[in-house]
K.L.:
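Before I ask anything, here is the structure I am working with.
Sequence lines set the chain letters: A, B, ... in the order given, protein chains first and strands last, and positions in each chain run from 1.
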2 protein chains.
Amino acid sequence: MVQKSKPPAAANQPERRGEPERRGEPKRRGRPRAYEPDIALGKALDLFRKQGFAATSLDDLSAATGMNRPSLYGAFGDKRELYIKSYQRYREEAGASMVEIFRQEMPLRQRLERIYASALDIYLSGDTGPRGCFTVVTAASEAVGDPEIRAMVLDGLTGLDKAFASCFRRAKEKGELPESADPFALAQIASATIHTIAIRSRARVPRKELEAIVKGAIDVMVGVEV
Amino acid sequence: MVQKSKPPAAANQPERRGEPERRGEPKRRGRPRAYEPDIALGKALDLFRKQGFAATSLDDLSAATGMNRPSLYGAFGDKRELYIKSYQRYREEAGASMVEIFRQEMPLRQRLERIYASALDIYLSGDTGPRGCFTVVTAASEAVGDPEIRAMVLDGLTGLDKAFASCFRRAKEKGELPESADPFALAQIASATIHTIAIRSRARVPRKELEAIVKGAIDVMVGVEV
DNA sequence: CGATTTTTGTACCATCTCGCAAAATAATCC
DNA sequence: GGATTATTTTGCGAGATGGTACAAAAATCG
């Protein structure tokens with residue numbers, strides 16, 4: 001029940017002991033933690049993505065994070081709070097790789113290809129099976145009943161819509177799309193394509209097929225002529 | 001704990017007592033059932049759609065169906081089997097309304113409009129909140145871990161793809177689409193649109209917005225010019 | 001060193017979980 | 001009517017579940 005049996009001896013923590021711990025916490029007072037909250041949250045996220053909220057027990061989480069129940073509770077709150085924090089972490093991670101692609105300068109087609117390739121990497125990763133999109137999974141399960149979670153999911157969905165919309169708007173300005181193109185409608189199709197590969201990845205549709213779907217959708221979106 | 005307090009006195013069962021019960025079962029031998037398997041399965045489906053597999057307990061199912069646990073077990077098997085039977089029921093129901101639309105003769109645009117309207121009806125129904133698409137919900141949750149369920153989900157996904165593809169193929173033959181149109185790629189977009197509204201409906205996106213998404217997607221698919 | 005503070009580990013609780021066995025009940029068959 | 005058959009009902013039991021109390025452990029502070 002330890003994350004790294006030995007007490008943290010500056011093994012692979014980014015910064016520790018010597019520098020003041022990030023935001024002016026000169027020294028922690030009591031018994032040191034046996035876990036690294038960040039990596040524990042990552043493990044929890046992995047589990048939640050694989051099994052969903054309801055099917056994941058505190059024992060599972062305890063085993064995966066290497067923290068025992070009370071520590072889990074103290075660090076993240078109850079199971080629901082941990083789920084929420086896990087989702088936020090997911091958004092940060094997934095968002096970061098997307099933002100990178102949205103920022104760089106490149107032709108529309110290439111940008112879309114990279115976005116979907118990155119999405120597929122995320123959805124198909126996982127040693128025990130594809131983990132899909134956590135936003136989609138959460139939408140399908142907890143979002144209906146839990147207003148706070150629903151709000152986060154909605155934020156995720158509309159965030160993607162907006163990113164795609166601005167992407168198509170830019171492309172239109174650069175003359176990559178005809179004057180008649182509707183960036184908003186295209187963005188919805190782009191998002192829908194994300195959602196469909198997220199769903200299908202969970203049904204273990206092989207990457208080749210997902211890539212074919214993506215290719216077809218891109219062709220339509222950039223107007224290879226339907 | 002009864003479905004209809006009084007023993008079945010030919011109240012609303014489709015066919016009973018008089019006619020031989022469907023497939024030559026002249027008379028049931030022992031104590032008569034206090035429940036109607038069909039309506040019980042419907043109730044179970046409702047619950048599963050609302051809460052998902054893991055979050056639905058046998059007690060929930062027992063209360064909803066009006067059958068006590070052992071009866072449930074005897075009629076449908078364990079929870080997983082009941083889930084599978086519920087899913088099959090869902091597919092029958094949802095499929096039926098779709099097939100109807102796919103069969104009738106009408107212009108492509110109108111056909112698509114009707115399909116999506118019907119889908120929205122299904123996804124947004126439910127007294128306690130939108131229930132979404134059971135195929136999508138199941139894909140997001142149980143499909144990864146359970147091969148049998150996954151196979152059913154895959155069947156549902158590809159079934160929709162094929163229906164849409166044949167729909168576009170027909171439209172192309174009738175000259176409603178340009179010669180360059182790719183029915184398969186269009187079908188993927190049509191399915192993706194189904195999936196995106198299924199996801200969003202679970203996040204309680206209002207119907208108006210979903211209809212706007214559908215309209216935009218249809219415009220692109222029938223080639224209003226992107 | 002002893003006091004303080006923070007975290008850990010064990011153990012526990014009340015509740016719920018699924019599945020099943022045994023007994024009661026209600027119909028048909030002879 | 002009695003035997004047979006099928007279903008309902010009650011209730012159990014072994015185990016899992018989410019959450020918490022409490023004492024021991026491990027660090028810093030004075």
K.L.:
What's touching nucleotides 1-6 of chain C from the protein side, N or O pairs under 3.5 Å?
P.N.:
unit_1	atom_1	unit_2	atom_2	d
C/dT6	O2	A/Arg31	N	3.0

K.L.:
Output all residues satisfying salt bridge (charged side-chain N to carboxylate O under 4.0 Å, His left out) with B/Asp155, sequence neighbours left out; order by chain, then residue number.
P.N.:
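Scan of B/Asp155 (salt bridge (charged side-chain N to carboxylate O under 4.0 Å, His left out), adjacent residues dropped) gives B/Arg91.
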K.L.:
Sorted by first residue and then second, give each salt bridge (Lys or Arg N to Asp or Glu O under 4.0 Å) pair with at least one member in residues 117-137 of chain B; sequence neighbours left out.
P.N.:
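Checked against salt bridge (Lys or Arg N to Asp or Glu O under 4.0 Å) - neighbours excluded - the pairs reaching residues 117-137 of chain B are B/Asp46-B/Arg131, B/Asp121-B/Arg207.
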K.L.:
Restricting to pairs with a member in residues 40-67 of chain A, which pass ring pair (Phe, Tyr, Trp, His ring centres under 6.0 Å), not counting sequence neighbours?
P.N.:
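Pairs touching residues 40-67 of chain A that pass the test: A/Phe48-A/Tyr83, A/Phe53-A/Tyr83.
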K.L.:
First locate atom CD1 of B/Ile149, then atom OH of B/Tyr87, and finally report the distance between them rounded to the nearest 0.5 Å.
P.N.:
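Nearest 0.5 Å value for the CD1-OH distance: 10.0 Å.
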K.L.:
Write out all pairs satisfying salt bridge (Lys or Arg N to Asp or Glu O under 4.0 Å) with one or both partners inside residues 56-71 of chain B, taking only residues at least two apart or from two chains.
P.N.:
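Every salt bridge (Lys or Arg N to Asp or Glu O under 4.0 Å) pair that includes a residue of residues 56-71 of chain B, provided the two are not neighbours, is B/Asp59-B/Arg69.
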K.L.:
Got a sec? Which of residues 76-87 of chain B come in under 4.0 Å of DNA chain C, heavy atoms?
P.N.:
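Only B/Asp78, B/Lys79 qualify.
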K.L.:
Could you list all the ring pair (Phe, Tyr, Trp, His ring centres under 6.0 Å) pairs where at least one residue sits in residues 184-213 of chain A, not counting sequence neighbours?
P.N.:
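Applying ring pair (Phe, Tyr, Trp, His ring centres under 6.0 Å) to every pair that reaches into residues 184-213 of chain A, excluding sequence neighbours, yields nothing.
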K.L.:
Looking at residues at least two apart in the chain, or sitting in another chain, which of them share a side-chain contact (heavy atoms from CB on, under 4.5 Å) with A/Tyr116?
P.N.:
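Partners of A/Tyr116 under the side-chain contact (heavy atoms from CB on, under 4.5 Å) test: A/Leu112, A/Phe164, A/Ala190, A/Thr193, A/Ile194, A/Ile197, A/Val214, A/Ile218, A/Met221.
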K.L.:
Taking only N/O atoms, report every protein-nucleotides 20-23 of chain C pair under 3.5 Å with atom names and distance.
P.N.:
unit_1	atom_1	unit_2	atom_2	d
C/dC20	OP2	B/Tyr73	OH	2.2

K.L.:
Under 3.5 Å, side chain of A/Thr65 to main-chain N/O of A/Leu61, donor-acceptor pair present?
P.N.:
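Checked: pair present.
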K.L.:
What residues in residues 48-58 of chain A put a non-hydrogen atom under 4.0 Å from any atom of DNA chain C?
P.N.:
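By residue number: none to list.
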K.L.:
Please name all residues satisfying salt bridge (charged side-chain N to carboxylate O under 4.0 Å, His left out) with B/Lys162, sequence neighbours left out, ordered by chain then number.
P.N.:
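Scan of B/Lys162 (salt bridge (charged side-chain N to carboxylate O under 4.0 Å, His left out), adjacent residues dropped) gives none.
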K.L.:
Taking only residues two or more places apart in sequence or in another chain, which ones pass salt bridge (charged side-chain N to carboxylate O under 4.0 Å, His left out) with B/Arg200?
P.N.:
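For B/Arg200 the salt bridge (charged side-chain N to carboxylate O under 4.0 Å, His left out) partners, ignoring immediate neighbours, are A/Asp161.
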